2 protein chains.
Amino acid sequence: MATTRASRSRRTDSLTRERIIAAAVELLDAQGESGLTFRVLTQRLATGAGAIYWHVANKEELLTAATESVLVAALAREVGGSPEEEIRAVALGLFEAIDDHPWLATQLSTELARNPRGTVAPRIFDAVGRRVRALGVPERGWFTASSALVHYVLGAAGQNVANAGAADPGIDRSAFLDSVSAEWEALDADDFPFASAVAGQMRDHDDREQFLAGVDLVLAGITTVHLSGE
Amino acid sequence: MATTRASRSRRTDSLTRERIIAAAVELLDAQGESGLTFRVLTQRLATGAGAIYWHVANKEELLTAATESVLVAALAREVGGSPEEEIRAVALGLFEAIDDHPWLATQLSTELARNPRGTVAPRIFDAVGRRVRALGVPERGWFTASSALVHYVLGAAGQNVANAGAADPGIDRSAFLDSVSAEWEALDADDFPFASAVAGQMRDHDDREQFLAGVDLVLAGITTVHLSGE
DNA sequence: ACCTGAACACCGTTCAAGT
DNA sequence: ACCTGAACACCGTTCAAGT
């Protein structure tokens with residue numbers, strides 16, 4: 001009758017690939033990329049190093065799997081609407097996933113730039129590209145248009161968490177942003193005329209709004225280049 | 001009189017920060033990021049580990065310095081022309097630098113997404129943003145327009161070297177691209193309708209041309225959103 | 001001021017041995 | 001089939017000691 005109460009750190013479930021990946025995501029969320037270690041993972045899962053290698057080939061595969069699991073969740077919650085609205089929703093979903101998991105930005109970019117054979121890259125391109133196609137963009141423009149959207153989304157979302165200091169958890173976001181902005185402002189105006197001038201904008205804006213303005217800018221480019229003769 | 005002939009591996013120059021950075025870039029070019037090791041560097045420079053730490057704080061600083069030195073060189077060769085032409089030239093300069101130094105893509109993205117306080121991020125934003133300003137974009141659009149350009153350029157250039165298999169040196173580019181394209185094509189058309197359909201485009205295109213088409217697409221978006229009332 | 005190189009703490013990975 | 005955990009090779013970094 002009282003058998004259901006889980007005892008503190010006793011391992012009741014058996015070790016599975018899914019549990020390992022979930023624990024990896026937890027560590028990454030809590031400590032950042034350097035916090036994911038086989039030793040800590042081993043401790044957290046109350047097992048030995050070899051047990052993990054039974055389910056996962058190596059650390060690279062584990063990182064990719066962790067990235068993929070968070071990505072899939074972020075792309076799952078989709079709504080309807082026009083192609084433009086869907087693209088904004090997908091973009092915002094990725095933006096928020098990166099906001100929740102700051103390690104994700106670097107990881108997704110790295111995956112695109114180093115591991116084009118995995119399923120991470122096609123997943124992102126598919127989520128965006130399907131809607132680009134639905135916009136009516138002719139086939140020859142599919143890849144370029146999708147690339148522009150994907151790379152803007154990942155890059156801007158990544159820089160957003162960077163400017164918020166989210167890479168190291170436990171930092172006051174607006175205070176960090178203030179200090180980054182102050183440093184850009186303090187740059188030599190001769191060597192960095194633009195960076196020092198734009199510093200103020202980094203501070204005084206709404207993150208989401210600015211991010212979505214960029215999405216709309218790229219969408220406007222797609223429309224102008226490919227759909228203007230309508 | 002015959003004192004000038006340098007003997008084979010004898011160290012004639014003294015160790016400097018510049019020589020260390022140059023050696024780091026050579027190692028990165030030859031072996032990729034995992035090839036840069038303090039032990040190999042120590043051997044290459046015929047010195048001890050401590051000597052390097054006298055000139056450089058740690059490996060992170062060394063990587064940032066290597067990135068910065070290549071970036072500065074890439075941004076140095078600038079020509080004239082209209083703001084649009086200058087933006088295309090800057091973009092192409094970064095594209096080619098990443099093509100020559102495949103490790104640079106990940107490194108630049110990482111720098112933007114993790115180290116906003118350094119000079120790498122402001123350098124890139126300045127090179128692009130100065131020309132965005134020259135286009136006549138109003139101040140409130142500076143940051144968004146520059147972000148869209150910067151992130152597209154770094155992301156697309158990075159993916160270009162990734163699809164060419166340049167991450168691991170010594171690979172036949174077109175053969176690798178063929179195999180990546182074939183894998184995208186082989187993806188389940190139900191789960192990845194877009195990726196499987198666009199796979200052919202990955203193979204049959206001119207890298208530079210496709211890259212520049214993306215730059216022009218973002219430029220068109222900037223014009224439409226900010227300069228259309230002219 | 002600048003360099004040497006052994007030593008330290010830590011890491012990913014392997015593998016004989018267990019069940 | 002799945003897990004244990006000691007051992008291995010390798011890494012970034014430190015530091016007493018040299019010049």
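So you know, we letter chains A, B, ... as the sequences are listed, proteins then strands, and number each from 1. Keep in mind that what you see is a predicted model, and the values were worked out from it rather than measured.
Whole-Å rounding puts the B/Y53 OH to C/dC2 C1' distance at 17 Å. Atoms CD (B/Q43) and C1' (C/dT4) sit 15 Å apart, rounded to a whole Å. Remark: P of D/dT4 and CD1 of A/I52 are 10 Å apart, rounded to the nearest angstrom. The separation between B/E61 atom CD and D/dG12 atom C1' is 14 Å, rounded to whole Å. Per the geometry, CG belonging to A/L45 stands 15 Å off C1' belonging to D/dC2, to the nearest Å. The distance from atom CG of A/N58 to atom C1' of C/dT14 is 13 Å, rounded to the nearest whole Å. The CG atom of A/L41 sits 10 Å away from the P atom of C/dG12 (whole-angstrom rounding).
Residues A/F143 and A/F125 share a closest heavy-atom pair of CE1-CE2, 4.1 Å.
Figure legend: B/R117 and A/F176 shown as a cation-pi pair, the cationic atom lying under 6.0 angstrom from the six-membered ring centre and within 45 degrees of its axis.
Exactly one of B/L108, B/T67, B/L36 qualifies for a side-chain contact (heavy atoms from CB on, under 4.5 Å) with B/W103. That residue is B/T67. Of the options B/D100, B/L154, B/D207, a side-chain contact (heavy atoms from CB on, under 4.5 Å) to B/F95 is made by B/D207 and by none of the others.
Residue A/W54 has no polar side-chain atom (N or O) positioned under 4.0 Å from OP1 or OP2 of D/dC3.
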Worksheet item: Does the pair B/E86 and B/R130 meet the rule for a salt bridge (Lys or Arg N to Asp or Glu O under 4.0 Å), with working shown?
Response: CA-CA 10 Å; B/E86 285 194 16; B/R130 278 207 308 269; over 6 Å; no
Practice prompt. Decide yes or no on side-chain contact (heavy atoms from CB on, under 4.5 Å) for B/S146 and B/T144, but give the supporting numbers first.
Written response: CA-CA 6 Å; B/S146 304; B/T144 301; over 6 Å; no
Practice prompt. Let me have a per-nucleotide readout for nucleotides 5-11 of chain C, 5' to 3', with B, S or -, counting only protein heavy atoms under 4.0 Å.
Written response: B-----B
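As rounded to the nearest Å, D/dA17 and C/dC2 have P atoms that lie 22 Å from one another.
Side-chain rings of B/Y53 and B/F38 approach one another, their centers coming within less than 6.0 Å.
Rounding to the nearest 0.5 Å gives a distance of 10.0 Å between CG of A/L112 and OG1 of B/T106. Taken to the nearest 0.5 Å, the OH atom of B/Y152 stands 11.0 Å off from the CG atom of A/L149.
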Worksheet item: How does DNA chain D look in dot-bracket form if you count Watson-Crick and G-U pairs under 3.5 Å, write [ ] for pairs that cross, and put | where a base pairs with another strand?
Response: ||.|||||...|||||.||
